[in-house]
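Everything on this sheet refers to the single structure shown next.
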Protein chains: 2
Amino acid sequence: MQGRGRWFHGRIRGCGYRLTLPRMKIVEVLNSSKGHLSAEEVFLKVHQIYPAVGLTTIYRTLEMLVASGIVGKINAGDGKARYEFKKTPEEDPHFHLICKKCGNIINVEANKELDKHINKVKEEYIKNYEFKVDNLQLRFYGLCKNCK
Amino acid sequence: MQGRGRWFHGRIRGCGYRLTLPRMKIVEVLNSSKGHLSAEEVFLKVHQIYPAVGLTTIYRTLEMLVASGIVGKINAGDGKARYEFKKTPEEDPHFHLICKKCGNIINVEANKELDKHINKVKEEYIKNYEFKVDNLQLRFYGLCKNCK
DNA sequence: TTGTTAATGACAATCGTTTTCAATAAGGAG
DNA sequence: CTCCTTATTGAAAACGATTGTCATTAACAA
Ligand SMILES: [Mn+2]
Ligand SMILES: [Mn+2]
Ligand SMILES: [Zn+2]
Ligand SMILES: [Zn+2]
């Protein structure tokens, strides 16, 4: 959990970025949080353990982490982007249930069967449209347990 | 193409909304446009055939049309919402290829097999998470023919 | 330790969208 | 058809998330 847990440090350096204090605090907060945080929410959490941080740095660092493949970014439709730490350096494909009422986002595991079929049409699209697919998102909009 | 082509008029009235001139112009533009238009783009097109229209009305009407199930709204991640006329009053499930570079959005038809499997996990999620699913989106991000 | 330069944070600016409010027009009642 | 109520409109201001600017700071290679 010491060296292995910090794979993202190497990744940051590897992408040519400097390993700064604000960046470590931000990635630490993301790592120890579950769920999908907005920039504002990340700012508030980081501010508690590192009050000197500025909101601008939060935005810049989050984009850097997305570019480095360390965090994922999703735009659920409520005007603000949300960020989520990736547990593994590899792709961690999972889908989302998004509540239209309260905005809550639930992670759901990717189903093997479904995954296979999605990949099949993916290959199809790549051929038919000459479209290079980097990543995909499957989301279900509706009402969560509490809101319906 | 006269009476049948205007199913949305009845839909608008049926939802308790008044059938106004700006609304008819807006829906007319959406109906005769292909692709996914931003509010700004809709405004520009409507402005050509009805210069008195205001951008505010575009936003309000688009939301109204989405609420009435006449147009679909998607948020591809570039900060601006995009709107698309529905060909049929029923659900018209199709997926999207979204170019990360130029922002182009390509419609792709839903595959029967895939559809079946998505519905299966959907039922699963509804049970396991007590989540009421209204609609779903499957999108593939990457680079389009021109951009790669 | 030092020098170069990327990264930082305060602040202003931008951009899509929403709110406000007085004027207008849809459309039901008579 | 005319009148009245009230939803709808457009201009302008307000808003909220994100990005740009710029002088100061701190990583880290040498
Ligand atoms: Mn997630
Ligand atoms: Mn579409
Ligand atoms: Zn909810
Ligand atoms: Zn492209």
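We name chains A, B, ... by the order of the sequence lines, and we start the count at 1 in each one. Quantities reported herein were computed from a predicted structural model and do not represent experimental measurements.
- Atom CD1 of A:I12 and atom C1' of D:dA27 are 13 Å apart (whole Å).
- Between the C1' atom of D:dT18 and the CG atom of A:N75 lies a distance of 11 Å, rounded to the nearest Å.
- Across all strands, A:Y50 comes closer than 4.0 Å only to sugar-phosphate atoms, never to a base (heavy-atom distances).
- Between D:dT18 and A:Y59, a contact under 4.0 Å exists linking OP1 or OP2 to a side-chain N or O.
- When each of A:E40 and A:T20 is assigned the nucleotide of DNA chain D bearing its nearest heavy atom, the one mapping closer to the 5' terminus is A:E40.
- Residues A:K122 and B:F140 come closest through the heavy atom pair CB-CE2, 3.9 Å.
- Few gaps surround NZ on A:K87; more than 12 heavy atoms of other groups in view lie less than 6.0 Å from it.
- Residue A:L55 contributes atom CG, which lies 10 Å from atom P of C:dA10 at whole-angstrom precision.
- The distance between the ring centers of B:Y125 and A:F95 does not fall below 6.0 angstrom.
- Of the candidate nucleotides D:dA27, D:dT8, D:dA29, D:dA27 has the atom lying nearest to any side-chain atom of A:L21.
- One atom, CD of A:E63, and another, P of D:dT19, lie 6 Å apart when rounded to the nearest Å.
- Between A:R23 and D:dA27 there is no side-chain polar atom (N or O) within less than 4.0 angstrom of OP1 or OP2.
- For A:K148, the NZ atom counts as densely surrounded, since its 6.0 Å shell holds more than 12 non-hydrogen atoms of other residues, nucleotides or ligands.
- As a whole-Å value, the separation of B:K25 NZ from C:dA26 P is 12 Å.
- Atom-to-atom, CD of A:E41 to P of D:dT18 comes out at 11 Å; the value is rounded to the nearest Å.
- One donor-acceptor pair, N or O on each side, does fall under 3.5 Å between the base of D:dA12 and the side chain of B:T56.
- Going from atom CZ of B:R18 over to atom P of D:dT5 covers 13 Å, rounded to whole Å.
- Side-chain atoms of A:R60 come within donor-acceptor range of the base of C:dG9, with a qualifying N/O pair under 3.5 Å.
- Side-chain contact, B:K145 with B:N104: no donor N or O sits under 3.5 Å from an acceptor N or O.
- For the pair A:K80 NZ and D:dC15 C1', the interatomic distance rounds to 12 Å; values are reported in whole Å.
- OP1 or OP2 of D:dC28 sits under 4.0 Å from a side-chain N or O of A:R13.
- Remark on DNA chain C: of its neighbouring residues B:A81 and A:A52, the 5'-side contact belongs to A:A52, judged by nearest-heavy-atom nucleotide.
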